[in-house]
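Since the structure comes first, as structure tokens, the remarks are kept for the end.
The analysis underlying the following values was restricted to heavy atoms, covering all of them including side chains, and did not include hydrogens, waters or symmetry mates. Small disclaimer: the values here were computed from a predicted structure and weren't measured. Note on naming: letters A, B, ... go to the chains in the order of the sequence lines (proteins, then strands), and numbering restarts at 1 for each one.
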Amino acid sequence: MPQLLLEFFSEEIPARMQKRAEEDLARALGEKLKAAGFDAKAIKTFSTPRRIGAMIEDLPAKAADVNEEKKGPRVGALDTALQGFLKSAGLTSIEQAQIVEDKKGAFYVARIERAGRETSDILQDIVPEIVRAFPWPKSMRSGASDLQWVRPLQNILCLFAGAPVKISVDGVASEAKTWGHRFHAPDAIRPKDFADYAARLRAAKVLIDREERKAIILKEAQAACAKRGLELVPDPGLLEEVAGLVEWPVVLLGDMDAGFLDLPGEVIRLSMRTHQKYFAVRDPKTQKLAPHFVVVANVEAKDGGKAIAAGNARVLSARLNDARFFWDSDRKTPLYTEERRAKLEKIVFHQKLGSVWDKVERVKALAVELCAVTGADRALVERAALLCKMDLVTESVGEFPELQGQVGRQLYLSELSGPLLPRGEGAGDEGRSNKQASDRRLAPHPPTPSPQGRGGGESIAAAIEDHYRPLGPGDRVPSDPVAITLALADKLDTLVGFWAIDEKPTGSSDPYALRRAALGLVRIVLENGIRLSLVAQIATSYRATADHYFRSGNLFVAQRDEEEDGRRFVRVIEVGQDWPRDLAKPFDSILVLRVKDPKTFAIERRFEAKDKEFVGVVWALWQVSHGVRHFLADRLKVQLREQGKRHDLVDAVFALGDDDLVRIVARVEALDAFLKTEAGANLLAGYKRAANILSAEEKKGKWSADEAQGAVDAAKLAEPAEKALHAALEAALPAARANVEKEDFAAAMKALASLRAPVDAFFESVLVNAEDAALRRNRLLLLARFREALSAVADFSKVEG
Amino acid sequence: MAALKSPRCFQDVILTLQSYWAGQGCAILQPYDEQVGAGTLHPATTLRALGPKPWRAAYVQPSRRPKDGRYGDNPNRLQHYYQFQVILKPNPPDLQQLYLNSLAAIGIDPLLHDIRFVEDDWENPTVGAWGLGWEVWCDGMEVSQYTYFQQVGGLDVRPVSGELTYGLERLAMYVFGVDRVYDLPFNDPESAAPLSYGDVFLENERQQSRFNFELSDPEMNLRWFNDAEATATRLLKEGNVLPAFDYTLKASHLFNLLDARGVVSPTERQSFIARVRELAKGCASAWERMETRA
């Protein structure tokens with residue numbers, strides 16, 4: 001069958017967008033062809049900086065003929081109905097329709113036979129649609145045209161069955177041509193088909209397959225390193241990007257001034273990567289960076305690449321000189337300075353949540369409270385909290401934001417290990433600026449070095465770097481108690497803060513990375529086995545958030561007031577600077593409000609809570625607590641599901657309302673193991689049967705939840721099987737509860753397993769719906785007790801099967 | 001285009017570029033006589049990018065960035081430097097090729113050097129302008145910015161202009177293999193009085209850096225900023241767009257001076273930028289109305 005070849009030739013497409021554009025093109029083309037009646041099989045896509053394209057090997061020459069019947073109005077129907085039918089069926093007179101009789105009478109039926117359209121015609125329709133709707137992350141207009149594309153679109157090549165198909169979209173050229181390498185082979189090429197296209201572009205120094213370009217870059221880079229006894233530092237992300245910057249990769253090894261090797265390795269690597277897209281090179285024996293780099297050029301230079309390698313080396317030196325200047329000036333002071341603190345006070349964390357320094361203070365307060373559950377040293381945690389965001393205002397992090405945390409740790413360690421870099425020392429120092437003089441004043445607080453000595457210092461250093469972790473599913477979780485404490489506090493403060501100001505993530509948007517924070521918190525708790533009550537910790541965190549508002553002055557504590565005409569009002573109960581410390585109890589009725597004009601508001605004392613114009617924060621703790629807990633629970637569910645735990649078991653445990661993540665997981669695991677045993681499976685079947693009988697009775701109105709609270713009348717137990725079940729319940733229920741109390745869920749399940757035989761026997765030989773009301777009541781009560789016993793470990797009604 | 005020899009000094013680069021773009025039908029303008037932070041701010045670019053009329057111009061623009069001063073100590077950072085600016089409206093379809101030819105004219109052989117177009121989304125918040133394009137790299141060094149304007153002064157531009165900005169010192173340092181800007185040959189090194197870039201500008205960098213960081217008068221500059229803002233606003237009300245734009249540029253430079261003294265907090269910074277942007281937007285929309293009506 002005929003082949004389709006499509007190429008959009010443009011000016012340079014950003015490297016990061018090319019791969020995604022291939023996927024988008026395949027999807028759009030597949031959908032459009034499908035809508036046109038084709039079963040578009042494998043769509044092959046390709047991209048280089050100057051083109052994205054697609055090829056389909058087997059596309060029919062025309063769409064299938066259409067044969068359909070369209071049922072119309074009854075014979076003798078109104079003229080308007082007939083006209084409408086003719087129009088919709090594409091007929092000109094009613095004689096062209098057939099009359100068909102069925103049970104309801106005679107109807108007109110149109111038989112529509114339409115020859116399938118030529119594929120090339122269809123392409124002329126759908127390609128412009130694809131162009132106009134292409135989902136580039138950012139697109140632009142060019143010249144006088146209104147067409148949006150990622151960069152100016154210069155030509156659309158469309159070949160079908162070897163013949164050019166002219167595509168007409170906003171005046172963009174559509175010739176059966178493409179062009180080779182911009183400098184090596186700029187002339188036009190007229191390909192016959194895809195194989196010819198790929199081969200002639202290859203001859204014109206363009207490799208259209210990005211995987212091939214990646215493979216060549218990797219192979220040649222490794223070879224170039226090996227030749228000098230070195231090895232390439234692998235960087236798949238950079239490889240992907242570089243493959244999108246060249247049509248014809250030429251790998252060159254350049255030299256770096258070895259004098260820069262005393263900079264932190266990450267600084268060197270990032271200088272290379274972020275600014276220059278170079279790969280770093282290391283010594284395979286020591287794993288330390290070597291004074292070289294790998295650059296991928298897009299040209300086979302006349303001099304073999306000497307000028308390119310030398311030019312790149314000079315640019316790198318200038319970059320590293322800058323980096324050294326930043327690093328050296330950062331090291332002139334201890335990590336904590338009053339000047340840095342003042343700068344943090346001016347960086348807005350979130351308009352409604354104050355500055356980064358405000359966040360530091362909240363995190364510190366919360367972290368200190370968390371020491372009780374993490375067992376970390378309070379003094380160390382406090383110090384780490386004060387230091388943890390300091391590096392955000394260093395020059396090094398200003399240059400390389402992705403080094404946040406790492407720079408802080410390095411600076412703190414170098415502060416512990418030796419004297420500060422004296423003034424004016426260090427290459428690249430530019431001196432003179434008076435502004436820096438004040439940076440060098442030593443801050444009186446906090447004391448330095450750490451009174452806990454080197455050991456404590458290393459904990460603090462780890463906490464400074466790791467309190468951001470884990471940064472993603474593949475990242476490690478902090479393990480030092482100080483780091484754990486700070487990481488938990490930082491994440492919990494973020495979650496509670498954003499819930500308190502009602503900035504929750506939605507399905508598609510999570511601008512503050514709250515999912516990552518929540519998943520990180522879940523992992524830190526579980527992987528370190530931290531036992532904490534989320535409800536209690538959320539309350540502590542919320543208080544710190546609310547405190548922040550209190551200090552802002554425009555803050556009121558108010559209570560929900562009666563509703564009026566469906567509008568909700570709140571009433572101010574306290575105005576002032578003091579946070580009521582006994583707030584722990586009536587959470588559900590306390591609201592923290594921030595209003596635009598405190599004077600007016602204080603007079604009114606009562607206002608509508610939904611009035612957003614007036615209110616900055618109107619969120620009761622219970623709402624925040626509920627929201628954050630469920631958000632965390634959802635992350636935990638996702639995590640457990642990914643580990644292969646059944647989602648219904650997760651739901652069954654969550655339904656109990658536990659807020660201790662470690663305990664929740666232990667329950668799920670025990671339940672999972674239990675249900676895999678024969679006893680567990682049978683007991684579940686018994687539970688379902690009991691629950692069904694009870695709910696059937698409840699539905700019929702013959703039994704109520706209140707009645708289910710009653711006690712079994714032991715004297716009225718008639719059959720041996722019900723006596724046995726009663727006895728078994730009397731033994732199993734306390735045993736299960738006691739084990740739950742001890743958090744030995746396996747033992748609790750085992751105690752419940754003892755109910756299996758008596759329950760089976762009960763259902764086999766006892767008629768629940770006895771005629772005697774007292775017997776019947778007793779038996780229903782036995783079933784209710786049984787249901788209750790199982791609820792001690794999980795909500796079995798949520799378990800499937 | 002008249003055949004030119006490969007440039008041998010800084011001014012040759014300028015003369016070559018001027019001559020080249022003159023050959024592409026650009027009006028060769030002279031620097032604007034206001035202190036500006038970038039060549040884009042010349043009304044020949046900021047204002048002329050607006051409205052429907054075709055426009056082609058090229059010019060050198062001295063650019064002042066008070067904060068970048070390093071007292072003449074840093075080998076490649078200056079508080080006063082030159083940009084070569086080209087604007088073509090609407091952008092011709094072969095603008096990339098025209099640009100590459102201009103590099104060839106100043107001696108950059110694309111089969112000896114690695115020329116790359118690397119994504120760069122350009123934005124100038126002070127004049128509410130943005131566009132898409134690239135940084136152009138030559139052997140890993142950014143030698144130009146290449147932008148297709150999409151908005152200026154907060155207004156969509158139709159047609160789109162192509163804007164090229166050459167960082168002249170950096171480009172010349174590259175072409176001549178010089179590592180310290182002050183060592184660049186300014187005029188013909190074989191002339192009777194050879195001058196280096198340092199001979200011409202080193203003392204200026206020292207004195208201006210001291211002024212920017214130590215001696216400028218923040219109180220006066222703040223007062224002047226407020227006056228410039230008030231004047232621009234008043235002139236805009238009168239429909240006196242071009243003088244209003246001059247006062248907008250003055251306000252913008254006064255803000256940069258205040259910023260260099262470190263007297264602007266981050267929050268104030270945003271508000272200063274927003275104030276200048278308001279003026280720029282006012283000028284842009286008044287100019288566009290005028291151009292569209294004419």
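Trp134(B) has its side chain within reach of Glu11(A): a pair of non-hydrogen atoms, C-beta onward, lies under 4.5 Å apart. Two residues are said to be in side-chain contact when any heavy atoms from C-beta on lie closer than 4.5 Å; Leu132(B) and Arg141(A) fail this criterion. Proximity of His113(B) to Val299(A): side-chain heavy atoms (C-beta onward) are nowhere separated by under 4.5 Å. Taking 4.5 Å as the limit, every side-chain heavy atom of Glu119(B) sits out of range of all side-chain heavy atoms of Ile13(A). Residues Asn312(A) and Met141(B) fail the side-chain proximity criterion, which asks for heavy atoms closer than 4.5 Å. No side-chain heavy atom of Val315(A) sits less than 4.5 Å from a side-chain heavy atom of Trp137(B). Residues Pro152(A) and Tyr148(B) form a side-chain contact, since some pair of their non-hydrogen atoms from C-beta on lies under 4.5 Å apart.
Between Asp139(B) and Arg314(A) there is no salt bridge, since no side-chain N of the basic residue sits under 4.0 Å from a carboxylate O of the acidic one.
Neither the backbone nor the side chain of Ser145(A) comes within contact range of chain B; no heavy atom of the residue lies under 4.5 Å from a heavy atom of that chain. Of the atoms belonging to Leu88(B), not a single heavy atom falls under 4.5 Å from chain A. If you measure heavy-atom distances from Pro93(B) to chain A, the contacts under 4.5 Å come from the backbone alone. The contact between Tyr174(B) and chain A is made by backbone and side chain atoms together, counting heavy-atom distances below 4.5 Å. Only the side chain of Gln154(A) comes within contact range of chain B, with heavy atoms under 4.5 Å apart. Both the backbone and the side chain of Asn91(B) have a heavy atom closer than 4.5 Å to some heavy atom of chain A.
Of all non-hydrogen atoms in Ala144(A) and Pro90(B), the two that sit nearest each other are N-CB, 4.3 Å.
Between chain B and the residues Gln276(A), Lys302(A), Lys138(A), the most heavy-atom pairs under 4.5 angstrom are made by Lys302(A). Contacts with chain A were tallied for Pro92(B), Gly133(B), Ser161(B), Gly162(B); Gly133(B) has the most, counting heavy-atom pairs under 4.5 Å. For the set Val150(A), Val250(A), Asp146(A), the entry with the most heavy-atom pairs within less than 4.5 Å of chain B is Asp146(A). Counting heavy-atom pairs closer than 4.5 Å to chain A, the top-ranked of the candidates Val157(B), Val118(B), Asp120(B), Leu95(B) is Val157(B). Ranked by heavy-atom pairs under 4.5 Å with chain B, the list Arg319(A), Arg182(A), Lys306(A), Lys277(A) is led by Arg182(A). Chain B forms the most heavy-atom pairs under 4.5 Å with one residue out of Gly311(A), Ala297(A), Ala318(A), and that residue is Ala297(A).
Between the CG atom of Asn74(B) and the CZ atom of Phe325(A) there is a distance of 8.0 Å, given to the nearest 0.5 Å. Here CG of Asp322(A) is found 7.0 Å from CG of Asn76(B). Values are rounded to the nearest 0.5 Å.
Within 6.0 Å of CZ on Arg180(B) lie more than 12 heavy atoms contributed by other residues, nucleotides or ligands.
Side-chain atoms of Asp114(B) never come within 3.5 Å of backbone atoms of Ile308(A) as a donor-acceptor pair (strictly under, hydrogens ignored).
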